[in-house]
Asker: 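The structure under discussion is supplied below as structure tokens; questions concerning it will follow.
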Protein chains: 4
Amino acid sequence: MPATQHVLTLSCPNRPGIVSAVSTFLFEAGANIAEAQQYDDPETTRFFARIVFDHPAGAPEEATLRAGLLLIAERFGMAWQLRNLAERPRVMLLVSKFDHCLADILYRWRIGELPMAPAAIVSNHPRETFAHHDFEGVPFHHLPVTKTTKMEQEAAIWSLVQETGTEIVVLARYMQVLSDGLAAKLAGRCINIHHSFLPGFKGARPYHQAHARGVKLIGATAHFVTADLDEGPIIEQDVERVTHRDSPDDLVRNGRDIERRVLSRALRWVLESRVILNGSKTVVFS
Amino acid sequence: MPATQHVLTLSCPNRPGIVSAVSTFLFEAGANIAEAQQYDDPETTRFFARIVFDHPAGAPEEATLRAGLLLIAERFGMAWQLRNLAERPRVMLLVSKFDHCLADILYRWRIGELPMAPAAIVSNHPRETFAHHDFEGVPFHHLPVTKTTKMEQEAAIWSLVQETGTEIVVLARYMQVLSDGLAAKLAGRCINIHHSFLPGFKGARPYHQAHARGVKLIGATAHFVTADLDEGPIIEQDVERVTHRDSPDDLVRNGRDIERRVLSRALRWVLESRVILNGSKTVVFS
Amino acid sequence: MPATQHVLTLSCPNRPGIVSAVSTFLFEAGANIAEAQQYDDPETTRFFARIVFDHPAGAPEEATLRAGLLLIAERFGMAWQLRNLAERPRVMLLVSKFDHCLADILYRWRIGELPMAPAAIVSNHPRETFAHHDFEGVPFHHLPVTKTTKMEQEAAIWSLVQETGTEIVVLARYMQVLSDGLAAKLAGRCINIHHSFLPGFKGARPYHQAHARGVKLIGATAHFVTADLDEGPIIEQDVERVTHRDSPDDLVRNGRDIERRVLSRALRWVLESRVILNGSKTVVFS
Amino acid sequence: MPATQHVLTLSCPNRPGIVSAVSTFLFEAGANIAEAQQYDDPETTRFFARIVFDHPAGAPEEATLRAGLLLIAERFGMAWQLRNLAERPRVMLLVSKFDHCLADILYRWRIGELPMAPAAIVSNHPRETFAHHDFEGVPFHHLPVTKTTKMEQEAAIWSLVQETGTEIVVLARYMQVLSDGLAAKLAGRCINIHHSFLPGFKGARPYHQAHARGVKLIGATAHFVTADLDEGPIIEQDVERVTHRDSPDDLVRNGRDIERRVLSRALRWVLESRVILNGSKTVVFS
């Protein structure tokens with residue numbers, strides 16, 4: 001029987017003794033470190049770590065672990081999170097009519113690539129738009145939106161987040177800008193896929209902008225959502241080569257491939273607690 | 001003995017019969033088409049072609065070819081260029097104190113990768129800055145520049161371009177912005193390497209900007225110089241992956257690799273007449 | 001109303017006058033060349049071309065075009081194919097239990113990325129294996145296979161190819177080796193995806209071989225099927241970076257992404273008549 | 001004044017308490033961990049770590065550190081290495097007539113990218129072959145070799161390694177196969193660049209093999225040299241896209257770029273103690 005694995009992520013002001021304190025505590029608690037990565041940001045002098053550990057001789061109570069970590073966290077001024085890796089984060093997927101990211105995420109979830117529990121699929125388009133998709137019991141919510149109903153629609157989304165215990169929200173080509181209020185409520189746990197290689201081509205129709213500029217590579221960017229549109233901390237980016245022969249439609253088609261893989265990578269890393277916020281940037285322990 | 005090869009590049013408003021007229025003329029002139037690529041831009045309805053041909057049964061006089069092509073060009077309203085591929089374009093290299101692009105271009109030229117004739121190396125830094133380089137007889141010109149002497153220095157550059165019969169100017173990390181006047185005189189034949197993936201991070205210290213933004217890929221862009229800084233037609237771009245661990249200095253080091261290969265690719269393509277201007281964009285026949 | 005577009009692909013021994021003859025014939029038939037690429041293989045001295053043309057002033061009878069092209073083809077000893085781009089090739093998809101390539105191809109077809117008409121989906125596993133897939137009316141055939149029934153099963157596949165008028169067969173992770181006989185019958189129109197960067201790691205469990213060897217990149221290869229397993233002409237390849245941290249399962253997961261995009265690219269290029277066989281290699285006009 | 005940094009690399013059978021023991025020892029010795037990465041190989045159940053630390057309050061004697069680490073190493077059965085990062089490894093470069101890797105390494109060393117002390121440049125070709133290179137005082141040794149003198153020539157190389165205190169040997173396109181004897185003496189500290197994406201195209205003229213096979217990507221592989229040619233532990237690999245248009249010479253040219261950057265990356269990682277042998281594979285802490 002494989003032992004339970006926990007992942008501990010933490011950040012705090014850097015000073016000597018952090019690793020020693022944490023690793024000694026885990027050792028004395030009977031844990032075995034299976035994976036560990038750390039990073040000192042020389043600019044902010046902040047320390048970040050991700051530690052995966054198991055319990056060869058039987059898991060201690062998680063409450064015991066938490067009590068011990070709390071003491072260390074207080075001593076070093078740590079922000080920290082402890083998760084049982086067997087527990088899958090609840091994820092809400094927001095989507096507009098372009099369904100390639102949704103299709104990709106659902107497929108990867110089905111075959112076990114994405115360790116998550118889909119809590120809901122929400123769209124401003126009706127269920128018929130996704131007629132070809134087998135949602136496999138994940139509840140679908142049609143929440144149409146207009147300029148005048150945006151406040152109410154976002155309130156409905158927020159209620160749904162709370163009711164379903166959603167931990168992570170994914171804007172899988174949702175095509176609606178979240179209000180500052182909702183963005184703030186979802187800070188650090190809402191991932192968007194922007195269809196350009198940020199910071200180039202912010203705003204609408206980025207592939208058409210890219211075509212007009214004559215770039216030789218196009219890209220996509222997965223980032224955390226902040227009130228400042230397209231300025232959120234970047235989690236992952238990728239590009240593909242294009243040529244003068246490619247029409248805006250070719251760029252859009254090519255872009256779908258990039259968007260899919262960039263968003264699903266970013267989501268997987270967030271689900272595996274590999275991504276830690278560092279101001280307006282991210283630390284990604286690959 | 002290998003036959004002489006010519007390369008013909010042309011562009012004109014698209015209409016039926018262009019390929020037929022050109023290929024029939026070449027066939028009747030005893031030429032054999034070795035390579036041909038064409039492109040119709042559906043937006044501008046402009047036609048572009050690059051044709052390499054040789055003369056299996058002995059080359060006709062180039063003047064004869066030119067006379068015939070002139071007639072076709074008039075009929076179709078063509079801009080065209082005919083070059084003997086054995087004749088190497090005269091190239092002037094402008095460089096500041098960062099010499100990695102210069103070192104790379106000179107090495108590639110020496111081993112035969114870049115079919116060019118270096119006409120001059122020009123720098124605002126003295127010859128000692130490049131003490132480790134063997135310029136192999138290529139004349140070096142130290143043309144220092146300050147805000148007040150910029151006009152005179154650019155006049156000296158322009159004189160040198162004329163005296164040396166320079167056809168292509170390469171800003172190999174020259175770090176000086178050309179005046180609108182000099183940019184206009186060198187329109188379509190001056191290549192710059194910008195150390196970012198344009199249009200992101202225009203202007204100064206782009207790697208530091210990229211670091212501050214927390215991007216996950218950095219890039220470089222080779223483009224034709226225009227009066228509008230960093231907005232010239234893009235010839236080639238490339239990127240490399242970076243992580244949160246990379247300092248601005250790591251980005252700079254990584255960037256040198258990208259700059260080198262992007263600039264040398266762009267230069268080779270220009271030397272082989274593979275790049276044709278299409279408004280603010282380029283057609284690159286690879 | 002957009003004019004009908006045809007694509008003409010051809011290959012023949014290289015000699016002067018081919019382009020002139022073809023382009024002049026098309027011009028006189030009222031066609032306008034929209035796209036053209038050609039290639040002379042200096043080793044085999046064989047000439048290859050792909051020409052897309054439309055008919056601004058109304059399409060001539062296809063029979064008229066064919067009659068004219070036949071004369072030129074005889075003169076130059078051409079192998080050639082003329083296709084109306086509006087007519088979608090009939091494609092049969094063969095799949096085993098790993099359905100990621102199938103899912104990807106069906107999705108791309110549904111949203112219009114792959115200009116094909118799926119004629120049948122064939123598997124050695126029953127329909128239940130693909131319970132989550134909406135085949136949208138494409139007939140599914142369960143053709144189980146064992147060592148002793150392989151001959152009969154392949155006969156059934158071949159019958160199906162004939163009955164359905166299948167033009168292209170795709171082994172979308174079919175996991176069964178075709179017999180020499182069936183491979184020969186499908187020569188030049190059967191595409192396989194091999195889950196390694198050929199010629200490295202031929203044969204079974206290539207990701208496990210790659211892991212054991214400690215490579216730093218893994219890949220996938222789409223190729224035409226020949227009697228000589230994993231030696232068919234390569235159409236497309238791609239790779240992704242892996243590290244010592246990646247388990248064989250990580251490589252498999254990573255590999256699914258590469259396989260999907262390599263196979264779908266290769267299939268799209270074949271559907272668009274961009275791929276021409278050149279002995280044991282391919283010419284791919286991108 | 002920046003504190004001295006040390007790098008500690010270690011490997012041992014995995015069991016609980018390793019990180020705790022090492023990090024507590026370093027903490028008590030007044031060291032501050034600046035960077036740490038670790039890896040447990042689930043197959044071999046072996047543990048690997050790389051720890052960079054500095055001494056904010058003044059460095060302890062290195063001998064004191066070593067004495068303490070020795071005790072821990074004995075307890076856990078560790079292989080370990082402690083290096084002062086300010087001390088640059090002595091490197092011998094072996095080269096044949098293709099000098100692109102040599103030129104690249106020397107340039108990177110000159111501008112500070114490669115933290116090494118070149119101990120000697122050795123070639124089977126005379127100094128004139130490298131006339132354009134400024135070796136900047138690094139001793140050059142012409143050691144010609146024939147089938148009959150190979151034993152003597154290798155003895156001369158080995159003497160030179162010993163006399164110069166060479167720690168790392170780089171075969172920078174040396175084009176000579178080392179004997180099993182010399183390979184054994186240099187085990188774990190001799191890096192070769194093979195001009196193919198191993199394990200494809202072992203042996204001679206790999207780019208010509210790649211061209212004949214019609215691959216769509218070519219690559220290069222940096223690996224430790226072992227008696228088993230082209231089978232040594234892989235440190236780094238990379239690829240570039242090629243097309244049917246590329247001749248064997250184009251592949252060679254393209255390949256030079258890949259070889260240069262793959263070898264220089266591998267060398268930098270070895271110089272920074274980022275590479276640890278793991279049987280026939282490597283752990284690379286990026």
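Below, chains carry the letters A, B, ... as their sequence lines are ordered, and counting in each starts from 1. The structure presented is a predicted model; accordingly, all values stated were derived computationally and were not measured.
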Asker: With a 4.5 Å cut-off on heavy-atom pairs, point out which of D/T221, D/I235, D/I234 contacts chain C the most.
Answerer: D/I234

Asker: Between C/H244 and D/F285, what is the shortest heavy-atom contact and its length?
Answerer: NE2-CE2, 4.1 Å

Asker: Enumerate by number any residue of residues 8-23 of chain C whose heavy atoms lie under 4.5 Å from heavy atoms of chain D; in the absence of such residues, state 'none'.
Answerer: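 At a heavy-atom separation under 4.5 Å, chain D is reached by no residue of residues 8-23 of chain C.
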
Asker: Give the member of D/G232, D/G219, D/S286, D/P42 that has the highest number of heavy-atom pairs under 4.5 Å with chain C.
Answerer: D/G232

Asker: Mind checking which of residues 199-213 of chain C sit less than 4.5 Å from chain D, heavy atom to heavy atom?
Answerer: C/P199, C/G200, C/F201, C/H211, C/A212, C/R213

Asker: Does any non-hydrogen side-chain atom of C/V239 lie less than 4.5 Å from one of D/L217?
Answerer: yes

Asker: Quick one: what part of C/D238 sits under 4.5 Å from any heavy atom of chain D, side chain, backbone, both or neither?
Answerer: both

Asker: Select all residues of residues 248-280 of chain D having any heavy atom within less than 4.5 Å of some heavy atom of chain C, and report them by number, or 'none'.
Answerer: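 Expected list: D/P248, D/R265, D/S280.
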
Asker: When only heavy atoms count and the cut-off is under 4.5 Å, which of residues 170-188 of chain D reach chain C?
Answerer: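 Within residues 170-188 of chain D, no residue comes under 4.5 Å from chain C.
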
Asker: For C/F98, look at atom CZ and say whether over 12 heavy atoms of other residues, nucleotides or ligands are found less than 6.0 Å away.
Answerer: no

Asker: Please determine, by modelled atom types, if D/T282 and C/K216 share a side-chain donor-acceptor pair under 3.5 angstrom.
Answerer: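 Yes, side-chain donor-acceptor contact under 3.5 Å.
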
Asker: Using non-hydrogen atoms only, which part of D/F197 is less than 4.5 Å away from chain C: side chain, backbone, both, or neither?
Answerer: side chain

